[in-house]
Amino acid sequence: MFAFETASILSNMKFRYYFTITKLAFIIITPIVLLILPANFFDSGESICLSKVLFNMECYACGMTRACMHLIHLQFEEAYAYNMLCFIVLPLLGVIWVQWFLKEWKRYKFYSRQAEA
């Protein structure tokens with residue numbers, strides 16, 4: 001019985017280790033992909049905003065994705081035209097993104113030390 005529990009715990013630790021590596025890869029790759037994509041990548045197409053689709057009204061977040069994409073590419077006037085709140089949202093998102101990376105990095109270090117022991 002004890003051997004089964006130990007194997008289960010080791011299997012769970014291995015899963016968490018690889019899952020943490022996957023999350024770290026996502027955290028690192030996503031901003032790189034957004035920088036590689038052209039600034040007008042999200043400019044065309046149908047809106048998926050529920051407020052706009054259901055009620056035909058724009059909400060405060062309408063155009064935020066397009067505005068942030070233009071802001072990432074340093075196109076300030078276009079970013080402001082889509083949504084002026086992106087100048088607040090994108091820096092806050094960057095801080096949250098860095099905090100998430102640091103948290104996952106600590107988990108990765110913890111699980112890698114546990115695997116060595």
Side-chain angles (χ1 to χ4, degrees):
M1 177 112 177
F2 181 71
F4 176 73
E5 290 175 3
T6 305
S8 175
I9 290 171
L10 289 176
S11 174
N12 190 17
M13 289 289 287
K14 190 178 282 190
F15 170 77
R16 288 181 181 200
Y17 174 75
Y18 289 120
F19 186 64
T20 302
I21 290 174
T22 305
K23 287 192 284 186
L24 280 170
F26 174 78
I27 292 169
I28 293 169
I29 291 172
T30 301
I32 294 170
V33 169
L34 289 175
L35 282 171
I36 292 171
L37 290 174
N40 61 355
F41 185 77
F42 296 111
D43 288 356
S44 61
E46 293 291 323
S47 176
I48 58 170
C49 178
L50 287 177
S51 147
K52 198 163 191 177
V53 171
L54 296 178
F55 305 115
N56 202 20
M57 292 175 53
E58 288 193 0
C59 65
Y60 291 114
C62 279
M64 187 64 71
T65 303
R66 294 173 285 182
C68 286
M69 194 66 174
H70 284 281
L71 190 57
I72 288 171
H73 290 280
L74 305 177
Q75 298 174 354
F76 302 112
E77 290 178 10
E78 289 88 355
Y80 187 83
Y82 280 114
N83 194 326
M84 66 181 90
L85 289 176
C86 70
F87 293 96
I88 297 170
V89 171
L90 190 63
L92 289 176
L93 185 63
V95 169
I96 292 169
W97 203 264
V98 169
Q99 288 176 341
W100 185 28
F101 173 80
L102 294 175
K103 181 181 84 170
E104 294 302 326
W105 182 254
K106 287 179 186 176
R107 281 187 184 166
Y108 167 74
K109 293 301 231 179
F110 173 75
Y111 291 134
S112 62
R113 275 189 250 128
Q114 293 296 321
E116 292 173 0

- Over 12 non-hydrogen atoms of neighbours within 6.0 angstrom of CD1 in I48: no
- With a cut-off of 6.0 Å (strictly less than), are more than 12 heavy atoms of other residues, nucleotides or ligands near CZ of F41? no
Any chance you could measure [X], atom [atom1], to [Y], atom [atom2], to the nearest 0.5 Å?
X: Y82; Y: R66; atom1: OH; atom2: CZ; result: 5.5 Å
X: C68; Y: L85; atom1: SG; atom2: CG; result: 9.5 Å
X: Y108; Y: K23; atom1: OH; atom2: NZ; result: 14.5 Å
X: Y80; Y: F87; atom1: OH; atom2: CZ; result: 8.5 Å
X: Y17; Y: I21; atom1: OH; atom2: CD1; result: 4.0 Å
X: M64; Y: C59; atom1: CE; atom2: SG; result: 8.5 Å

Please check this pair: side chain of [X] against backbone of [Y], looking for a donor-acceptor N/O pair closer than 3.5 Å.
X: H73; Y: L37; result: yes
X: S51; Y: M57; result: yes
X: T30; Y: I27; result: no

- Query: Knowing that exactly one of K106, R113, R107 qualifies, which makes a side chain to side chain contact (heavy atoms under 4.5 Å, CB included) with K109?
  - Reply: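 For K109, the side chain to side chain contact (heavy atoms under 4.5 Å, CB included) test succeeds with only one of K106, R113, R107, which is R113.
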[X], [Y]: one ILVMFWY side-chain cluster at the under-4.5 Å cut-off?
X: I29; Y: I36; answer: no
X: M84; Y: V89; answer: no
X: L71; Y: L74; answer: yes
X: M69; Y: I32; answer: no
X: L35; Y: V98; answer: no

- Pairing residues for N40 by the side-chain contact (heavy atoms from CB on, under 4.5 Å) criterion, not counting sequence neighbours: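 Counting only residues at least two positions away or on another chain, N40 forms a side-chain contact (heavy atoms from CB on, under 4.5 Å) with P38, D43.
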- Message: For a 4.5 angstrom cut-off between non-hydrogen side-chain atoms, does F26 reach W100?
- Response: yes
- Identify the heavy atoms of C62 and N83 that sit nearest to each other, and give their distance.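 So the two residues come closest at O-ND2, 3.1 Å.
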